[in-house]
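We count ligands from 1, going down the list as the structure has it; atoms in each ligand are counted the same way.
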Amino acid sequence: MCGIVGYTGMQQAAPILLEGLKRLEYRGYDSAGIAIMDDGSISVQKVSGRISKLCELTEDGKTCPGNVGIGHTRWATHGAPTDINAHPHMSNDGRFAVVHNGIIENYLALREELIGKGYHFESETDTEVVVNLLEMYYTGDLKNAVMRVSSRLQGSYALGVVCSDAPDEIVAIRESSPLIIGIGAGENYFASDIAALVPYTRNVVYMEDGEFAQITPDAIRIYDLFGNPVSKKVQKVNWDVQTAEKGGYEHFMLKEIIEQPRAVEATLRPRIRGSEIVLDAEGLDGEFLRKIRRIMITACGSAYYAGCAGRYAIEALCRIPVSTELASEFRYGDPMVDSETLVIVLSQSGETADTIAAVKESKAKGAPVLAMVNVVGSTVAKLADFTLYTWAGPEIAVATTKGYTTQLALLYLFALYAAKETGRVDDKRYRHLLRALRSLPKRIQEAVDLNPMLDRYAEDYRNTRSIFFIGRNSDYAMAMEGALKMKEISYIHAEAYAAGELKHGTIALIEEHQPVIALCCNTIVQEKTMNNIIEVKARGADVLALAEKNNSEIISVADRMMYLPEVEPVFAGVVEIVPLQLLAYYTAKCRKCDIDKPKNLAKSVTVE
Ligand code: G6P
């Protein structure tokens, strides 16, 4: 999510770190900072806002002497994007500085423990516990302190640590967050991302989970978490800077599609503790939820479609009526919301003008607002009564993918939580559904692996003028997002239709070779959708169906198939959308469209 970088060598560290941080800018960030070690002491410079501000402050690093340092670009997760919350963070005694990429899930308990021992905290971040734990466990050996600290941490992290007692050394450690060591001559580096290293070296070592490195100008020593040395292969990177930024993928959109298992994991995992769902929004509890008579979901674009899909899960599990409304329509319809209506607002950016207006309108009518947002500290997040972050990390491609799936995953989590809190689900089913939720990242990965032929299927749509997406119930909601993905990046007219409505109009448009994409993932309505496939086929349509991989009935009626792994039906949407995103991506690619920046579209629509 954030970006980290480190340097130890003979050159002045600050300019190298700033240059490395600039290479991470493309990922999106809201604050930046560096810590430089010089003459046995550490000094930190950090600012909210752009790296250029940090460059101005330090005269491009010239005013920061020292040959060893660590740097950070922050994408806020815990605490607003302020100067104080920016990294690096220092220990109370000033002996350690840390940069961190990831989330420490048990930071609240650790913070309490440290406060009990007399430590004080300046920031709202989860990271500050790490640096004070280092101080607490340090007995003169940095390596031992790092091992002890890592045994206390739960969550995902790539950390860079400097200690004023070890004047030319950096320790970097990885657990579920990327970390790469860069090897130079008489100087060495680390970074979360190859892009930051490419200007300096092409020789790298990829760290694995549970490994840490002691980095000095002349040596890299890598250990497992028990302190046993690990030998690693040095690899050569031949990427140019642009390829490096995209993690080797041709487009950000493809990178973000492939990242979805990790993104959904980041949304769900910190909130599932054993057999409990813990939502980090104070007051969003059973007592509050039992008073709610109705839920209204409002959002724009894909976020609205995530709401349409989430509605089915909430109604199925909680038996509370849910309606969905486009945020751009919301305030013009004199919405019927009151103190017993929970308004759920979805927004990746948290800055969409119509969505902000819907939040204000709901609040004015006395309705409690729950926001599900990706960007920490954004306007929607600040206005809402309750905010849950999706923690998808920065999304660069204009067409949302991981932003959307993490919203949907969070809606599923909320649905199960609310069902439990209001006593609408028995223990056995709750445990079954919780297991299913936990396995969603794996299922998403399987959906990618099961569909390696989508680039070839896409070739057939190269000259297509129009595609219909059909489905029923939750499949219809996924058809809407699938059609939106197709039209926004490939510029092919795509229309989603509730399959049962075909005969009320659209079927008149079905003729020889008309492409139809049929979604048959919802087992309750599958047979019905199968009949609709037969109807359109009888009129000459070319049907590409998406169904579970063992579904021989659908396979026998469709022309071609996309496959879904076995997945709990209530939560299938978040898996089902992935082949549709890939199909849209490959179709846009073979039509040579500007995939990451589609014409006329903006990532964040801040005007009405
Ligand atoms: C724009 C983006 C979409 C996004 C929509 C809502 O249209 O291109 O990808 O779904 O805005 O944005 P939000 O940030 O509120 O989720």
Asker: Which atoms of ligand 1 are found less than 4.0 Å from any heavy atom of Val398?
Answerer: 8 (O), 9 (O)

Asker: Relative to each other, are the rings of His78 and Trp391 parallel, tilted or perpendicular (30° and 60° limits)?
Answerer: parallel

Asker: Cation-pi check for Tyr249 against Lys255: NZ or CZ below 6.0 Å from the six-membered ring centre and within 45 degrees of the axis, yes or no?
Answerer: no

Asker: What protein heavy atom sits nearest atom 4 (C) of ligand 1, and how far away is it?
Answerer: Ser302 N, 4.3 Å

Asker: Please identify which atoms of ligand 1 are closer than 4.0 Å to at least one heavy atom of Ser349.
Answerer: 13 (P), 14 (O), 15 (O)

Asker: Set out, in order, the CA-CA distance, both residues' side-chain angles and the distance that settles side-chain contact (heavy atoms from CB on, under 4.5 Å) for Lys365 and Asp338, then state yes or no.
Answerer: CA-CA 6 Å; Lys365 287 184 177 293; Asp338 55 24; over 6 Å; no

Asker: If only atom types and distance count, is the side chain of Arg591 paired as donor or acceptor with the main-chain N or O of Ser490 below 3.5 Å?
Answerer: yes

Asker: Give me the nearest non-hydrogen protein atom to atom 6 (C) of ligand 1 as residue plus atom name, then the distance to 0.1 Å.
Answerer: Cys300 O, 3.4 Å

Asker: To check your reading of the model: name the closest protein heavy atom to atom 1 (C) of ligand 1, its residue, and the distance in Å.
Answerer: Ala602 O, 3.6 Å

Asker: Pull out every atom of ligand 1 sitting under 4.0 Å from any heavy atom of Thr400, numbered as shown with elements.
Answerer: 9 (O), 10 (O)

Asker: Okay, side chain of Asn85, backbone of Ser123: is any donor-acceptor separation there less than 3.5 Å?
Answerer: no

Asker: Does ligand 1 come near enough to Gln348 that some N or O of the ligand is less than 3.5 Å from an N or O of the residue?
Answerer: yes

Asker: Please state which protein non-hydrogen atom is closest to atom 7 (O) of ligand 1 and give its distance, to 0.1 Å?
Answerer: Val605 CG2, 4.0 Å

Asker: Among protein heavy atoms, which sits nearest to atom 12 (O) of ligand 1, and what does the distance come to when rounded to 0.1 Å?
Answerer: Thr352 OG1, 3.4 Å

Asker: Closer than 4.0 angstrom, basic N to acidic O: yes or no for Glu395 and Lys402?
Answerer: no

Asker: Give me the nearest non-hydrogen protein atom to atom 11 (O) of ligand 1 as residue plus atom name, then the distance to 0.1 Å.
Answerer: Lys603 O, 4.0 Å

Asker: Please could you name the atoms of ligand 1 that Ala303 approaches to less than 4.0 Å, counting only its heavy atoms?
Answerer: 10 (O), 16 (O)

Asker: Any side-chain heavy atom of Leu21 within less than 4.5 Å of one from Val5?
Answerer: yes

Asker: With only distance considered, is Ser347 within less than 3.5 Å of ligand 1 through an N or O on each side?
Answerer: yes

Asker: Would you find more than 12 non-hydrogen atoms of other residues, nucleotides or ligands less than 6.0 Å from Glu124 atom CD?
Answerer: yes

